[in-house]
J.: 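One structure, pasted below without further comment.
Here is how names work: the chains are called A, B, and so on, in the same order as the sequence lines, proteins then strands, and each is numbered from 1. What's counted below: heavy atoms across the whole structure, side chains too, no hydrogens, waters or symmetry copies.
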Amino acid sequence: MHTGTTNQVANPNTVVWNSPGIWITYLLTTGFMHLILLSMPWFTTSVSWTLTNVLHGVCMYFFLHTIKGTPFETSDQGKYRYSTHWEQIDSGTQFTAARKFFMTTPIVLYILASFYSMYDFTHFVVNTLVLLLSLLPKLPQLHGVRIFGINKY
Amino acid sequence: MNAAAQNGELNRNGANEIYHKGGSTKRKFQESFEPTPLYAAIVTYVNYAVVTLFGFLRDFLRKHGFEKLYAATEDPEMKDFVPLYASFESFYTRNIYNRIQDIFNRPICSVPGATINIVERKFSHSGWTSKYTGKTLKNVVNLGSYNYLGFAENEGTCSEAAIESAKKYGVGVCSSRQEMGNLDIHTKLEQTMADYLGVEACITFGMGYATNSTNIPCLVNKGCLILSDGLNHASLVLGCRLSRATIRVFKHNDMEDLERKLSDGVVYGQPRTQRPWKKILIIVEGVYSMEGSIVNLPGVLALKKKYKAYLYLDEAHSIGALGDHGRGVTEYFGIHASEVDIMMGTFTKSFGAAGGYIAGNRALVEHLRAHSHSACYATSMSPPVCQQILTSLSIISGTEEGRNRIKQLAKSCKIFRQGLKKLGFIVYGNDDSPVVPVLFYSPCKLGAFSREMLKRGFAVVGVGFPATPIVESRVRFCMSAALTDKQIQDALSACSDLSSLLNLNYSKAK
């Protein structure tokens, strides 16, 4: 199915994170995943919070910074074929509301995970690495940058 | 018109009412785009998320051979070459569209009038292949065709006249208007259309989409400013891009946004040089088919006069369907046709033909005749099609039958829309538009509704992402003068059954 005939934007991926209710859905889904992890008896509270943070960070990295292009054909002649979803948001405009939201959620999760893991050293290392994994690709300076050619094509 | 714009370029509020003082009639302009209920939005996003996750899983299984892959793949000999296709681009088609593809592209085997005959297909369990069962579903009520005045018929005066003209002129000259393709029937059609619309002259083209895309570059070029409504059709967008003018998009039907952009254009001029724009052209449509809204034409005209811009009005869906005599959105608002600089329309919807026209003053039309890409390179309209338009025009503008059709259409629009609103559906747009989009939000409900309606003998058109915003999948009912009152009542009772079955009564309005 393509967006060719009647569409308001050539690439709907650019505006999907401004749709009504999607931020709340995102937070609810993350919360739900966390509840599932919390409810497993073999995970302590610290481990489940750190796991939530790690899973959130890894999934975010995969969906926002690894997958390139669009899952449908667009009428803009492949302009975003080699762009990750993060680079497509708001057509590359920096510091928009959606981007600020995505920068904030890993930070909030990091703070919560640090608190609930009682600032234990191992948990700290894991959480910080995941935070870096979530935040560094989102920096405006790294927009469109592919280090060592990883994920270029 | 204080709108809280939430979704980018769209105007989202409860109800949008103004009384405009311009024009001879004080018609109340009222459109409503009820905001998305939060519960429906969350469920829709979760739907898409689940289907997407399963899509990734199934793609993984297909890639590694655990599940059979039915899609076309590249030649194994070419594996070291750069791939021709990006398989991710067909992710949506493979995993989401295929699940509900039996509601799209249904093959029909009759004229698309008030009822159609649908060839039944059965899809395989995987969704990849389909087979014809051999059965035909007969006399399914057609709620999806743009058959506003009911001229999609294969019997009667229109088709007889068209057949006669095919015998006289043949099927076409296969030549362009400027070369050998100009027939007397074209001149007659253009004159008749100009008289009908109340303008000086008119020029017709063989294809409605091409009318926009080949003629806008003829009217504006680099150094001009185009202010285009957010929901304009792809043909208008393509025409604007081909013209290489600067395009600024204003929020749908939002006069404050349009005024801001107009005043910025006049005050600041072109981007770097600050020179004044050569021309400012505002492009709007009469009726927007995806939202069911009617343009706020008096508001646009007031702004156009104030800032001295030109107006291009695309009446693809409103010609024949709005106004007491079917003259379109200008007649609906009581505005004289000469106030709009360029009136464009298509013959596809209300006249049961094909092609498009541009009408306006004589200088404009003569310019297009000489300079239009379509007049120079595209074949002229086929004579039977011209005859169909002429016959249907004579019925609409002259006869009792035409007036009855127009009245029936207006009546059907009102009854159907109010009936749906009473049932609690969220219906977008203006109460008088012949297009009735009903919001379903979730693609699952879209599929279920379409299939259940077909079981009850009604064919509806469902539209989902990516043709609409992700959360606003909808079913678009198109009213027709050919539908009898009984068919409309039956459709409403079927919708009522399904509303309770599928929990579709989202509307909070009373």
J.: Out of A:Lys68, A:Arg146, A:Lys138, which one pairs with A:Glu87 under the salt bridge (Lys or Arg N to Asp or Glu O under 4.0 Å) rule?
T.: A:Arg146

J.: How about B:His317 and B:Tyr146: are their ring centres within less than 6.0 Å of each other?
T.: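 When the ring centroids of B:His317 and B:Tyr146 are compared, they turn out to be within the sub-6.0 Å range.
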
J.: If I measure from the heavy atoms of chain A, does B:Ile42 come under 4.5 Å with its side chain, its backbone, both, or neither?
T.: both

J.: Listed by residue number, which members of residues 25-35 of chain A have a heavy atom under 4.5 Å from any heavy atom of chain B?
T.: A:Thr25, A:Leu28

J.: Would you tell me whether B:Asp229 and B:Asn253 have side-chain atoms, one donor and one acceptor, within less than 3.5 Å of each other?
T.: no

J.: Heavy-atom distances under 4.5 Å only: say whether B:Arg94 touches chain A with side chain, backbone, both or neither.
T.: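 For B:Arg94, no heavy atom lies under 4.5 Å from chain A.
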
J.: Please test B:Tyr48 against B:Tyr92 for ring-ring contact (aromatic ring centres under 6.0 Å, His included), starting from the C-alpha separation and ending with a verdict.
T.: CA-CA 10 Å; B:Tyr48 276 114; B:Tyr92 186 86; 7.1 Å; no

J.: Go through the steps to decide whether A:Lys79 and A:Asn11 satisfy the test side chain to side chain donor-acceptor pair (under 3.5 Å), and finish with yes or no.
T.: CA-CA 9 Å; A:Lys79 187 171 164 193; A:Asn11 181 5; over 6 Å; no

J.: Can A:Asn18 and A:Asp90 be counted as having a side-chain donor-acceptor contact under 3.5 angstrom?
T.: yes

J.: For A:Ile22, which atoms come within 4.5 Å of any heavy atom of chain B: side chain, backbone, both, or neither?
T.: both

J.: So, do B:Tyr506 and B:Tyr441 have ring centers that fall under 6.0 Å from each other?
T.: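 Centroid distance B:Tyr506-B:Tyr441: below 6.0 Å, so yes.
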
